[in-house]
Protein chains: 2
Amino acid sequence: MIKQSASTDTDLALLAKALGHPARVRIIRHLAGRKSCMCGDIVRELPLAQSTVSQHLKVLKNAGIIQGTIAGPRVCYCLDPAVLARLKTQIATL
Amino acid sequence: MIKQSASTDTDLALLAKALGHPARVRIIRHLAGRKSCMCGDIVRELPLAQSTVSQHLKVLKNAGIIQGTIAGPRVCYCLDPAVLARLKTQIATL
DNA sequence: GACATCTATCGTAATATTACGATAAGATGC
DNA sequence: GCATCTTATCGTAATATTACGATAGATGTC
């Protein structure tokens, strides 16, 4: 019997919430294909304003699912494999 | 190469959104343990008003994750294994 | 039928989310 | 320095979410 604490529920809920928008799912799928990706590529990929995409990226970053590192004038986004793995594990144990 | 359509993104986003609240995660975990569960048990399990729990159950039901069948004066809730499996599969392919 | 029990829905208030354009902040190139 | 490019943030409006108490509806019991 595996103990499930309330904090685990909250953690899973936060991660799931971050995934709870089609645009963010699409961003994650896009990043999953490549090692990393410039922010501009993501903006071009989605039918949304640049500011809206930036907002979605912020949600994913706050959830810890993605990381952004500055690369010259641009920002290079990539998935955090550990957090993604945590999400997968928690979902799998449902 | 597996094709990922926009509808798949939306589907995953809808399921993830339904999971995006601690109370709903807890409901799902509670239901996962047993074959089914009376609504009242869930209400007792959570520190929320009955109407609020009913609202959360509705969200999960709309997402297709749980089903509710009337059992006399009560309602018996259970997980939909197929939908839960679909969620797990889609998360796993991220 | 009257009554209690269980659940859903209504009404409502507070807060969060989503989207956009405009603008600011940071880096590069001339 | 100045213009340009890229991204984040601000301001804002529309909508959605979350929570509660109150109430309605359905069912079983007496």
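Labels below follow one simple rule: chain letters A, B, ... track the order of the sequence lines, proteins then strands, and each chain is numbered from 1.
Rounded to an integer number of Å, the gap from B:R26 CZ to D:dT18 C1' is 17 Å. Per the geometry, CE belonging to A:M38 stands 12 Å off P belonging to C:dT28, to the nearest Å. If you measure from atom CD1 of B:I27 to atom P of C:dT7, you get 13 Å, rounded to the nearest angstrom. Between the CZ atom of B:R44 and the C1' atom of C:dT5 there is a distance of 12 Å, rounded to whole Å.
In the region residues 13-21 of chain B, proximity to DNA chain D at under 4.0 angstrom, judged on heavy atoms, holds for B:K17, B:H21. Using a 4.0 Å cut-off on heavy atoms, the residues of residues 54-69 of chain A that approach DNA chain D are A:S54, A:K58, listed by number.
Note: A:R24 CZ to A:R29 CZ = 14.5 Å, rounded to the nearest 0.5 Å. Within the model, atoms CD of A:Q50 and CG of A:L57 stand 9.5 Å from one another, a figure rounded to the nearest 0.5 Å. The line from CG of A:L84 to CD1 of A:I28 is 7.0 Å long, rounded to the nearest 0.5 Å.
Picking from D:dG28, D:dT6, C:dA8 the nucleotide with the shortest atom distance to the side chain of B:V75 gives C:dA8. Here C:dA19 is the nucleotide among D:dC20, C:dA19, D:dG28 with the atom lying nearest to any side-chain atom of A:L48. Among D:dT18, D:dA8, C:dA8, the nucleotide with an atom closest to any side-chain atom of B:Y77 is C:dA8. In the set D:dA8, C:dA19, C:dT9, C:dA19 carries the atom at the smallest distance from any side-chain atom of A:T52.
As judged by a 4.0 angstrom heavy-atom cut-off over every strand, B:I70 is placed among residues making no nucleic acid contact.
Counting only heavy atoms from C-beta outward, the side chains of A:L12 and A:L87 approach each other to under 4.5 Å. A:D11 places a side-chain heavy atom less than 4.5 Å from the side chain of A:R86. Using a 4.5 Å heavy-atom cutoff, the side chains of A:L19 and A:V25 are in contact. Within the 4.5 Å cutoff, side-chain heavy atoms of A:C37 are placed close to those of A:H30. Under the 4.5 Å side-chain criterion, counting only non-hydrogen atoms from C-beta, B:H56 is in contact with B:T52.
The nearest heavy atom of DNA chain C to A:R24 and to A:Q50 marks one nucleotide each, and the one closer to the 5' end goes with A:R24. Each of A:G72 and A:P47 was assigned the nucleotide of DNA chain C with the nearest heavy atom; the assignment lying further toward the 5' end belongs to A:P47.
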For the pair A:Y77 and A:K61, evaluate side-chain contact (heavy atoms from CB on, under 4.5 Å) and give the outcome as yes or no after the intermediate values.
CA-CA 9 Å; A:Y77 281 104; A:K61 204 160 58 178; 3.7 Å; yes
